[in-house]
Amino acid sequence: MKCINTFSAVDVYGSTNIDISFFEELTFLYGLNGSGKTTALRLIMALLTPSVKTLLEIPFSRMELNGQLRNGNNINIECSKNDGKLYLKSSLTSEELTIAIPRMDIDEVEMHIEREYRNHSGLNAIREISSPIFLGLDRRFITPGNRFQRPQFNSRQMALEFEREKMIAEHQNYDPGLAEVSSIIIAGR
């Protein structure tokens, strides 16, 4: 896969919506712990692998990924869950995959799906896509302000908060690695 252009997911864990527009060369997912960065990446990889097990494990109602393949063709992958079924389709093939959500242990699901849908053209077409590259930088910090009332920061506000913390040398939450990332974000805007 050359690049992911957009990813969106609705009702993740019953209440969270994700809407990400990616830059062609490099995109930072930057936010507070628990804001959905890792979940978004897990869902993206579940669509691109595809991992039916992960698609069943993480609650959502609908998601969509748009991107471009290395050969220049655009790709669209959509997945939804309703009425006890998982629906998966892509622009790579006209065949939509419909899976009745099995009533079995989640660890048995992958073997079941592999047996039942081994030759499904939609799954096989998605499996042929090369995955994008993800680089993870994990720095844990305490949210500024009251820890029980988490403020909603966008990436620029969070970057500015780290810049402010840099000015307070003795600040216990100051993290030089994240401050460097925040400087890049501020400079890029």
[atom1] of [X] to [atom2] of [Y]: how many Å apart, nearest 0.5 Å?
X    : Y    : atom1 : atom2 : result
Y13  : F60  : OH    : CZ    : 11.0 Å
I126 : H120 : CD1   : NE2   : 9.0 Å
R70  : K2   : CZ    : NZ    : 9.0 Å
T54  : M45  : OG1   : CE    : 10.0 Å
S130 : M1   : OG    : CE    : 8.0 Å
L56  : K81  : CG    : NZ    : 6.0 Å

Give the minimum heavy-atom separation between [X] and [Y], together with the two atoms involved.
X    : Y   : answer
F22  : I4  : CB-O, 2.9 Å
F23  : L26 : CB-O, 3.3 Å
S121 : E95 : OG-OE1, 2.5 Å
C79  : L55 : SG-CD1, 4.0 Å
P59  : E57 : CD-O, 3.4 Å

Is there a side-chain contact between [X] and [Y] in this structure, where contact means two heavy atoms from C-beta onward sitting under 4.5 Å apart?
X   : Y   : value
V12 : I58 : yes
I75 : Q68 : no
S61 : N82 : no

Cut-off 3.5 Å, no hydrogens considered: what does the side-chain donor-acceptor table look like for residues 84-92, sequence neighbours left out?
residue	atom	partner	partner atom	Å
S90	OG	L92	N	3.1
S91	OG	N76	N	2.9

[X]: which residues meet the side chain to side chain donor-acceptor pair (under 3.5 Å) condition with it, sequence neighbours left out?
X    : answer
S80  : none
S8   : none
E116 : none
T39  : none

Show, in sequence, the C-alpha distance, side-chain angles and deciding distance for N74 and N66, and conclude whether the side-chain contact (heavy atoms from CB on, under 4.5 Å) test is met. CA-CA 7 Å; N74 291 326; N66 292 292; over 6 Å; no
K53 (side chain) donor-acceptor with A46 (main chain) under 3.5 angstrom: no
If the test is side-chain contact (heavy atoms from CB on, under 4.5 Å), which one of L43, T6, N5, L48 qualifies with L65?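 Between L65 and the candidates, side-chain contact (heavy atoms from CB on, under 4.5 Å) is satisfied uniquely by L48.
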For residues 4-21, pull every pair meeting salt bridge (charged side-chain N to carboxylate O under 4.0 Å, His left out), keeping only residues two or more places apart or in separate chains.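 Every candidate salt bridge (charged side-chain N to carboxylate O under 4.0 Å, His left out) pair involving residues 4-21 fails, so no pair, neighbours aside, qualifies.
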Counterpart residues, salt bridge (Lys or Arg N to Asp or Glu O under 4.0 Å), relative to E64 (two or more places apart):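 Partners of E64 under the salt bridge (Lys or Arg N to Asp or Glu O under 4.0 Å) test: R62.
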